[in-house]
Amino acid sequence: MDLVSGYKGVVGLVFGNEKSGSSNEDSYVERLLDCISNGKLSEDRRTAMLELQSVVAESSNAQLAFGAMGFPVMMGILKEECDDVEMVRGALETLVSALTPIDHTKGPKNEIQPALMNADLLSREADNISLLLSLLSEEDFYVRYYTLQLLTALLTNSPNRLQEAILTIPRGITRLMDMLMDREVIRNEALLLLTYLTREAEEIQKIVVFEGALEKIFSIIKEEGGSDGGVVVQDCIELLNNLIRKNASNQVLLRETIGFDPFMSILKLRGSTYSFTQQKTINLLSALETLNLLIMGGLEADHGKDANMLTNRTTLVQKKALDHLLMLGVESQWAPVAVRCAALRCIGNLIAGHPKNLDALASKFLGEGLQEPALNSILRIILRTSSMQEFVAADYVFKSFCEKNADGQTMLASTLIPQPHSMAHAPVEEDVHMSFGSMLLQGLNLSENDGDLETCCRAASVLSHVMKDNIQCKERVLRIELEAPTPSLGAPEPLMHRVVKYLALASSMKNKDGKSSGNSYVEPIILKLLVTWLSDFPSAVNCFLDSRPHITYLLELVSNSSTTVYIKGLAAVLLGECVIYNKSVESGKDAFTIVDSISQKVGLTSYFLKFDEMQKSFLFTSARATQPRKQLTRSASASMVEIEDVDENNLLDQKNEDHPVLSSIFDASFVNLVRSLEVNIREKIVEVYSQPKSKVAVVPAELEQKSGESDREYIKRLKAFVEKQCSEIQDLLGRNATLAEDVATTGVGSSYARPEQGAGSDRVQVETLRRDLQEASKRLELLKAEKAKIESEVSMYRSLAGKMESDLKSLSDAYNSLEQANFHLEKEVRGQQGVGGSLSVPDVEGIRAEAREEAQKESEAELNDLLVCLGQEQTKVEKLSARLLELGEDVDKLLEDIGDDMGLPADGEEEED
């Protein structure tokens with residue numbers, strides 16, 4: 001083979017520099033292969049085959065050497081010596097060993113994997129796959145067994161190539177399907193092989209179903225004992241899931257040929273329902289995954305997905321799927337947490353958007369003696385369970401039940417009747433007699449001393465589902481009043497005010513500890529309830545604003561640096577709802593007052609940034625309508641069983657973004673609600689700032705002259721009115737300027753804002769331009785001040801130059817006086833020489849010349865200093881003149897004016913002289 005020669009080159013390149021150890025193994029493998037090919041005695045050849053299988057199974061170097069030289073020999077035996085069963089067995093077992101990775105825990109990560117290279121080499125020839133499939137028809141058990149193992153190893157390492165080869169081989173899949181009816185060991189190997197083969201290959205899935213795989217799968221499951229069976233049941237269900245996961249036509253075939261009855265028998269608990277082994281748990285989880293696949297109806301791209309999904313859900317409920325799920329998820333509290341959670345999620349998916357299934361769940365009663373509605377039992381799980389995952393799963397049931405189900409929401413809300421204080425704190429055993437609403441209100445009406453805020457927030461989550469997009473339910477809940485924890489402390493208070501108290505209590509408990517407590521999701525859940533309640537419901541906004549501290553607390557929550565991005569963001573949304581749904585005209589509660597408080601206490605820039613930070617957070621950007629669940633394979637089964645029963649302490653170490661409860665709060669529908677509210681909040685705040693505080697400042701009748709009022713008094717009153725209006729307009733303009741600056745800074749035209757902002761946006765643009773003009777005027781004033789400073793410096797330097805000229809003149813006068821004195825002395829000397837010619841007199845001419853020279857040097861030195869100073873001053877004047885030219889000033893005219901100003905005192909001094 002050419003491939004083999006190329007493979008030898010790879011082996012030589014990788015191991016060419018190794019010592020004699022690998023060379024010895026290569027030569028040993030070569031000798032064994034030579035003995036197998038050319039040996040005369042059958043016993044020697046079989047012994048060499050056994051030895052070769054042993055060394056290949058234990059050494060990576062031997063695997064590489066075998067890959068370089070052994071495949072032609074082994075395939076030749078399979079083709080030409082099929083009658084020698086012992087040699088065929090040995091060849092197949094050796095090939096399996098060559099394709100099985102050897103675990104080297106201490107080896108380097110980038111080490112060559114001989115098993116992968118051997119699988120790649122063997123699967124390149126389609127004739128090799130065809131030959132192996134033909135061996136499945138052999139009578140010998142071990143030949144069929146090792147052939148299946150070899151195909152599985154090939155499929156594990158080179159799945160795409162093997163799938164393509166099997167599709168091109170006539171009756172290739174048929175031969176594999178026949179193995180399902182073979183002896184148990186062969187059947188199990190064939191089942192595992194088909195499981196690998198059908199994971200991604202849609203064409204193979206269809207052929208396998210056409211060959212009767214569905215009937216054989218359920219036959220094996222029944223034979224193995226259903227959910228109580230072993231790993232074979234798990235493999236059967238995994239194969240079933242592969243066949244229906246992305247294939248709606250196979251789902252239709254399952255429903256219309258075999259039906260869902262055989263599958264329902266897997267979910268039915270038998271024998272001792274208290275016994276849940278790990279394998280039984282995995283089997284049930286796999287069956288629940290199958291149920292979810294049928295509920296979803298196939299891929300989103302399938303044309304008939306919706307019709308298939310609706311039919312599947314209807315048929316499943318007819319086949320008692322809801323009863324089995326309620327048994328697993330609600331009644332069997334001894335079942336593992338993973339099974340209960342998966343069953344509850346299936347219930348939520350089964351009823352979502354299906355009116356008949358919603359009614360079926362609402363009418364279900366559980367229990368043998370004293371029965372209660374199924375919804376009440378699920379609510380009790382929410383309020384009482386210690387498992388975070390079970391709370392999330394049960395909460396999902398109510399979310400699905402209330403989504404676009406106004407009748408169901410109204411039915412639940414109609415039971416919300418407050419109980420007397422004595423009943424509200426009844427023992428746990430007696431809550432079986434309570435209605436749904438009474439149990440929910442009991443969870444919301446816990447004493448603050450109990451400190452059980454987690455129960456309160458769980459009840460709040462259910463209440464938010466009951467009120468979502470339903471004005472009638474919101475009105476009914478708004479009228480509910482709860483008694484004070486101690487009746488002597490005061491009158492009953494609205495439920496909304498009690499909820500806000502719990503919110504403040506949760507915040508204070510967290511701050512008191514100095515760190516985020518385990519209930520990091522309490523505040524977001526309560527805030528979600530309030531956001532849902534106030535949405536499009538002005539009456540709720542008015543009730544919320546009845547207590548003035550509520551707004552103050554929200555402002556503190558928004559500006560608190562220690563709270564999470566989600567808490568600050570939701571508090572900002574709640575403040576915004578108090579603006580956009582505010583219909584109050586009462587002073588202190590109107591929209592203008594709320595916006596004014598936000599501007600003063602938080603600042604519009606900081607306020608809008610809270611929206612942006614929350615929108616960019618992980619939970620908002622990753623929110624999806626349904627979270628896809630990981631496929632339950634053999635390798636992932638153990639971890640899936642344990643992952644649902646997480647220790648609550650481990651959750652505290654996770655980031656807030658990873659908390660399962662937060663992921664359930666910020667689902668796609670709530671994220672979309674927040675985004676739409678943000679757009680409306682931005683527009684409404686701009687609109688509020690674009691209007692006066694009151695649209696009608698005075699009653700029009702007051703503009704008319706009153707009877708008996710003099711013209712002077714009337715004019716005075718009108719003047720006061722106009723001054724008041726002017727004052728309000730100026731205040732409004734100032735606020736508009738502030739708003740324009742803040743909104744421009746935060747970028748109101750974000751990806752969630754609309755491009756048209758209406759008349760308010762136009763006003764903001766005008767005010768922004770006016771602000772820019774004011775800033776330009778200020779800059780001009782600064783430049784004028786700088787020019788005046790420069791002019792002052794020029795005047796100072798000119799004054800200094802005049803002083804230096806005066807000093808020079810004084811120096812010249814002194815020099816002249818000295819000359820004159822010298823002349824007189826000279827004259828006296830001549831007179832004395834005439835009187836006493838014989839006296840020796842000093843050399844007057846020499847002395848005079850010396851004095852003149854000394855005086856001249858001093859004068860020249862002072863003159864040079866003066867010229868240097870004048871040169872420096874001239875340079876400064878030139879720089880200042882250039883600066884004045886840049887500022888647009890006429891330098892010549894300015895110098896003339898300065899010269900005139902300086903000349904006036906000089907003339908006056910001359911007149912005085």
Side-chain angles (χ1 to χ4, degrees), residues 255 259-261 263-264 267-268 288 291-292 294-297 305-332 340 342-368 370-382 393-417 432-440 461-477 532 625-626 667 669:
R255 185 178 68 240
F260 291 153
D261 288 323
F263 171 70
M264 287 297 117
L267 295 177
K268 186 177 181 180
L288 290 172
L291 186 60
N292 249 331
L294 294 172
I295 291 171
M296 295 307 170
K305 174 184 179 298
D306 293 337
N308 184 48
M309 176 178 65
L310 186 64
T311 306
N312 282 353
R313 293 183 182 186
T314 303
T315 307
L316 285 169
V317 172
Q318 291 173 354
K319 298 297 181 180
K320 308 297 182 183
L322 195 56
D323 294 336
H324 296 312
L325 290 174
L326 288 171
M327 173 61 73
L328 286 172
V330 181
E331 294 185 273
S332 300
R340 299 204 303 267
L344 288 169
R345 291 191 194 94
C346 284
I347 293 173
N349 292 330
L350 188 61
I351 64 175
H354 195 294
K356 290 185 179 179
N357 292 357
L358 288 169
D359 294 339
L361 178 62
S363 60
K364 286 290 180 184
F365 281 80
L366 304 180
E368 295 181 357
L370 184 61
Q371 294 188 331
E372 71 170 346
L375 290 174
N376 290 24
S377 300
I378 298 173
L379 177 62
R380 184 180 294 106
I381 291 174
I382 291 176
D395 185 72
Y396 178 69
V397 175
F398 279 102
K399 177 191 171 186
S400 301
F401 181 81
C402 296
E403 189 75 26
K404 298 179 181 179
N405 182 20
D407 293 338
Q409 289 174 304
T410 304
M411 183 267 292
L412 294 178
S414 64
T415 63
L416 291 169
I417 302 173
V432 130
H433 304 283
M434 289 186 179
S435 65
F436 172 87
S438 299
M439 198 186 308
L440 185 62
S461 180
V462 176
L463 186 59
S464 67
H465 300 317
V466 174
M467 291 192 296
K468 182 183 178 184
D469 300 328
N470 194 316
I471 298 298
Q472 290 75 20
C473 291
K474 291 180 181 181
E475 290 177 347
R476 188 178 189 92
V477 177
T532 304
T626 55
D667 56 4
S669 60

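Below, all heavy atoms of this structure are taken into account, side chains as well, without hydrogens, waters or symmetry copies. The residues of the chain are indexed from 1 along the displayed sequence.
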**Study point:** Pairing residues for K468 by the salt bridge (charged side-chain N to carboxylate O under 4.0 Å, His left out) criterion, not counting sequence neighbours
**Key:** E403
Check your understanding: Which atom names give the shortest non-hydrogen contact between F365 and P373, and what distance separates them?
Key -> CD2-N, 3.5 Å
Check your understanding: Who passes side-chain contact (heavy atoms from CB on, under 4.5 Å) against L267, sequence neighbours left out?
Key -> F263, M264, A287, L288, L291, H324, L328
**Study point:** Closest non-hydrogen atom pair between F436 and V462, with its separation
**Key:** CZ-CG1, 3.9 Å
Point to revise | Closest non-hydrogen atom pair, T532 against S464 | key: CG2-O, 3.8 Å
Study note, to complete from the structure: Rounding to 0.5 Å, atoms CD1 (I295) and NE2 (H354) come to a distance of 10.5 Å
Review point. With sequence neighbours left out, what residues match R255 under side chain to side chain donor-acceptor pair (under 3.5 Å)?
Key: N308, N312
Check your understanding: Considering residues at least two apart in sequence or located in another chain, which fulfil the side chain to side chain donor-acceptor pair (under 3.5 Å) criterion with T415?
Key -> none
Exercise for review: Looking only at non-hydrogen atoms, find the nearest pair between M411 and S414 and report the distance.
Suggested key: O-OG, 2.6 Å
Point to revise | Partners passing side-chain contact (heavy atoms from CB on, under 4.5 Å) against E331 (at least two apart in sequence or in another chain) | key: M327, L366
Check your understanding: What residues form a side-chain contact (heavy atoms from CB on, under 4.5 Å) with E475, not counting sequence neighbours?
Key -> I471, R479, F537
Check your understanding: Among all residues two or more places apart in sequence or in another chain, which pass the side chain to side chain donor-acceptor pair (under 3.5 Å) test with K364?
Key -> D323
Practice item. Would you name the heavy atoms of I378 and F398 that are closest together and state the gap between them? Key: CG2-CE1, 3.7 Å
**Study point:** Taking every non-hydrogen atom, the tightest pair across M467 and K474
**Key:** O-CE, 3.3 Å
**Study point:** Residues that V317 engages under side-chain contact (heavy atoms from CB on, under 4.5 Å), provided they are two or more places apart
**Key:** L350, N357, A360
Check your understanding: Side chains of N405 and I351: does their closest heavy-atom pair fall under 4.5 Å?
Key -> no
Practice item. Mind checking salt bridge (charged side-chain N to carboxylate O under 4.0 Å, His left out) for K404 and listing every partner two or more places apart, or none if nothing turns up? Key: none
Check your understanding: Roughly how far, to the nearest 0.5 Å, is the CG atom of L322 from the SG atom of C346?
Key -> 11.0 Å
Review point. Does the side chain of V466 reach to within under 4.5 Å of the side chain of V477, using non-hydrogen atoms?
Key: no
Exercise for review: Determine whether Y396 and L344 make a side-chain contact, defined as any pair of heavy atoms from C-beta on separated by less than 4.5 Å.
Suggested key: no
Check your understanding: For S461, what residues pass the side chain to side chain donor-acceptor pair (under 3.5 Å) criterion, not counting sequence neighbours?
Key -> D395
Review point. Could you walk me through whether L440 and L412 pass the side chain to side chain contact (heavy atoms under 4.5 Å, CB included) check?
Key: CA-CA 10 Å; L440 185 62; L412 294 178; over 6 Å; no
Review point. Is the closest side-chain heavy-atom distance between S377 and E372 below 4.5 Å?
Key: yes
Check your understanding: Considering residues at least two apart in sequence or located in another chain, which fulfil the salt bridge (charged side-chain N to carboxylate O under 4.0 Å, His left out) criterion with K319?
Key -> D261
Practice item. To the nearest 0.5 angstrom, please state how far the CG atom of D407 sits from the CG atom of N470. Key: 9.0 Å
Review point. What pairs with R313 under salt bridge (charged side-chain N to carboxylate O under 4.0 Å, His left out), at least two apart in sequence or on another chain?
Key: none
